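None of the values given here were measured: they were computed from a predicted structure.
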Amino acid sequence: MAFSLELKNYLQQLDISAADLAQESGISPSTLSRYLSGERSPASSSEAVLQLARALEKLSNGTVSKQDVARTLHKEITGSEVDAHTFTAHFCTLMDALDINGNRLAHALGFDPSYISRIRTGQRHPANVAQFCDQVARYIARSCTDAYHIESIVMLTGASAQDIANPEICENRIRDYLGSNVATEPQIPATIEPLSKFLATLDAFDLNAFKDEIHFEEIKVPTLPFQLPTQKTYSGIEEMKQAELDFYRAAILSKSIDDIIFYSDMPLEEMAQDKEFPKQVMKAVALLIRKGIKIINIHDVHRPIDELFMGLEGWVPVYMTGLMESYYMPAPTNAAFFHFLRSAGTVACSGEAVVGDQGSGRYVLTKNAADVAYFRTRAMQLLAHAKPLIKVYTEGHEKERDKALRKLRSAYGDNTVTVGEGDFNTLTITALPGRYVLISKSNPPAVDFLVEHPALVAAFEQYEPTLF
């Protein structure tokens, strides 16, 4: 029985209306309507199945259990065989829930870290799924043995804690989870689904309120010189963060108004743990915007999709101003080193770290004219090889937006679909599957984001709302 028919069957048997189910589950009426019509089904990794199962249990006064409902609905999504999408969803869930470092896993399995990253994003599928599941299960069973990991594996596999404490049984359970249908209530990654969080942030963001909050109109660019030696070295995560802030200060206080070029494939997770650091960065960036400096950000798209959206989310305020251009490198960088580069008119910051050991890396901040010129050349060379990631059209640039859309429609047709209809207050998302996504934000100042990168377009096509 198809997912839509199974869901209708529950409503009929339990005498529950679609309106009541939508209200209780937190799923928008328009999305639920598409589920019931068969036009759409939740992704296997989506929380929507759990939301529906919990709501049906409550509305039935316990006549049905959420475990039974979730198992039934989930089976209709995944089918009798695990397809590529389901395998990827289970693998990502496992990695996120157990907080497994992709680089360490790659090293233990003898793979290139970019290979694991591409499996996570769905860009690659293991040639031998059974062998890959064996290797991953063996690694987890022997390395994830503390109480936290055991509890997480129990939740994912439905096994008992006593069973999971046995490495052989644990290995078998994980192998089954990766390589076959889940027989228990599907679990959701510990981290919030990244695209939903990004869109929720963008939907709620108000540029005018943001400017008022930081007193943007009252900001005065300081003129006192920033006392910094010609060159300074920063080692370890905390000093690396300070290096970034010192770079911003030097750029703000410089007389130069040249564009600033960013590139980094450094992992974001450790930096993101410091909640104050992004705030300090945004204050510094507000000063750069006030000064009229344009920022060119070359994103690393060859990273886990959750990190990619985490990085994009952090730059939402700057994208909204139209003073940031975003690009990406088509080819992945060397898998042995992480790289970091910031280039401004009179200051540059460069750094590196060995993959898997970011904390022992270092950054060098320099104001030496020859070094600044060298790193500027490096940044321009990167930009020459980069492609646009997100094109931003602010108010007054509607003609440029329409011209870009006409060119795309002429080349690929106009078979567009609306993504997340009814799920947002200020966003309208239109996608031409496999080609582009247009995100239009209506509250003033209105802005449009045009995305053409294949992995991001695919992520939007698979969008499912997440309850926060």
Side-chain angles (χ1 to χ4, degrees), residues 30 195 198-214 216-217 257 259-262 282 285-286 288-299 301 308-309 311-328 383 386-461 463:
S30 60
L195 175 57
F198 169 76
L199 290 175
T201 299
L202 184 59
D203 187 34
F205 183 77
D206 185 314
L207 181 61
N208 291 321
F210 173 77
K211 287 183 174 182
D212 289 342
E213 185 178 344
I214 64 172
F216 183 77
E217 300 302 330
I257 55 171
D259 298 345
I260 292 180
I261 302 175
F262 292 174
M282 279 300 104
V285 169
L288 292 174
I289 293 172
R290 189 68 172 162
K291 195 175 176 182
I293 294 177
K294 183 172 68 177
I295 298 173
I296 300 172
N297 199 349
I298 306 174
H299 291 274
V301 297
L308 178 56
F309 277 112
L312 292 174
E313 180 187 339
W315 290 112
V316 162
V318 194
Y319 281 125
M320 289 289 294
T321 67
L323 283 174
M324 174 176 275
E325 294 181 3
S326 66
Y327 294 82
Y328 72 95
L383 189 57
K387 293 184 177 182
L389 181 63
I390 299 176
K391 295 176 183 176
V392 182
Y393 300 96
T394 53
E395 287 183 342
H397 294 82
E398 291 82 5
K399 289 184 178 180
E400 292 95 324
R401 175 202 63 198
D402 293 343
K403 182 179 179 181
L405 290 174
R406 282 197 301 271
K407 184 177 179 181
L408 288 167
R409 289 166 183 163
S410 175
Y412 305 118
D414 196 17
N415 234 357
T416 57
V417 296
T418 302
V419 177
E421 187 175 6
D423 294 336
F424 307 107
N425 296 314
T426 69
L427 299 182
T428 302
I429 305 174
T430 307
L432 181 61
R435 296 301 180 182
Y436 72 82
V437 172
L438 181 70
I439 309 168
S440 300
K441 186 167 173 64
S442 59
N443 64 321
V447 64
D448 297 285
F449 304 91
L450 181 61
V451 182
E452 294 182 69
H453 186 272
L456 293 184
V457 172
F460 277 95
E461 289 174 25
Y463 164 76

[X]: which residues meet the side-chain contact (heavy atoms from CB on, under 4.5 Å) condition with it, sequence neighbours left out?
{"X": "Asp259", "value": "Lys294, Ile296, Arg376"}
{"X": "Val285", "value": "Tyr248, Val281, Met282, Ile289, Ile295, Trp315, Val318"}
{"X": "Thr430", "value": "Thr416, Thr428"}

Pairing residues for Arg406 by the salt bridge (Lys or Arg N to Asp or Glu O under 4.0 Å) criterion, not counting sequence neighbours: none
Lys441: partners by salt bridge (Lys or Arg N to Asp or Glu O under 4.0 Å), with sequence neighbours left out: none
Which pair of heavy atoms, one from [X] and one from [Y], lies closest together, and at what distance?
{"X": "Pro388", "Y": "Tyr328", "result": "O-CE2, 3.4 Å"}
{"X": "Phe460", "Y": "Val419", "result": "O-CG1, 3.5 Å"}
{"X": "Leu207", "Y": "Met320", "result": "CD2-O, 3.8 Å"}
{"X": "Ala386", "Y": "Ile298", "result": "CB-CG2, 4.2 Å"}
{"X": "Phe198", "Y": "Val316", "result": "CE1-CG2, 3.9 Å"}

The criterion is side chain to side chain donor-acceptor pair (under 3.5 Å); which residues satisfy it with [X], sequence neighbours excluded?
{"X": "Asn208", "result": "none"}
{"X": "Thr394", "result": "His397"}
{"X": "His453", "result": "none"}
{"X": "Thr418", "result": "none"}

Student check: side-chain heavy atoms of [X] and [Y] closer than 4.5 Å:
{"X": "Tyr327", "Y": "Lys387", "answer": "no"}
{"X": "Arg435", "Y": "Leu408", "answer": "no"}
{"X": "Asp203", "Y": "Asp423", "answer": "no"}
{"X": "Val417", "Y": "Leu432", "answer": "no"}

Would you compute the distance between atom [atom1] of [X] and atom [atom2] of [Y] and round it to the nearest 0.5 angstrom?
{"X": "Leu383", "Y": "Phe262", "atom1": "CG", "atom2": "CZ", "result": "13.5 Å"}
{"X": "Tyr393", "Y": "Lys399", "atom1": "OH", "atom2": "NZ", "result": "15.0 Å"}
{"X": "Leu389", "Y": "Leu456", "atom1": "CG", "atom2": "CG", "result": "5.5 Å"}
{"X": "Leu427", "Y": "Phe449", "atom1": "CG", "atom2": "CZ", "result": "8.5 Å"}
{"X": "Thr426", "Y": "Leu199", "atom1": "OG1", "atom2": "CG", "result": "10.0 Å"}

Residue pairs involving residues 426-446 (criterion ring pair (Phe, Tyr, Trp, His ring centres under 6.0 Å); sequence neighbours excluded): none
Residue pairs, two or more places apart or on separate chains, that pass ring pair (Phe, Tyr, Trp, His ring centres under 6.0 Å) and touch residues 401-422: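 Every candidate ring pair (Phe, Tyr, Trp, His ring centres under 6.0 Å) pair involving residues 401-422 fails, so no pair, neighbours aside, qualifies.
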Within 6.0 Å of CG in Asp414, more than 12 heavy atoms from elsewhere: yes
Criterion side-chain hydrogen bond (donor to acceptor under 3.5 Å, both in side chains) on Asp448 and Ser440, from CA distance to verdict: CA-CA 4 Å; Asp448 297 285; Ser440 300; 2.6 Å; yes
Side chain Glu398, main chain Gly396, donor-acceptor under 3.5 Å: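 Indeed, once roles are kept as given, a pair shorter than 3.5 Å links the two residues.
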Listed once per pair and sorted, the salt bridge (Lys or Arg N to Asp or Glu O under 4.0 Å) pairs that draw on residues 388-397, sequence neighbours left out: Lys391-Glu452
Criterion side chain to side chain contact (heavy atoms under 4.5 Å, CB included) against Val447, the qualifying member of Val392, Leu202, Thr321, Ile439: Val392
Criterion side chain to side chain contact (heavy atoms under 4.5 Å, CB included) on Phe424 and Ile429, from CA distance to verdict: CA-CA 9 Å; Phe424 307 107; Ile429 305 174; 3.6 Å; yes
Side chain to side chain contact (heavy atoms under 4.5 Å, CB included) evaluation trace for Leu450 with Ile390: CA-CA 6 Å; Leu450 181 61; Ile390 299 176; over 6 Å; no
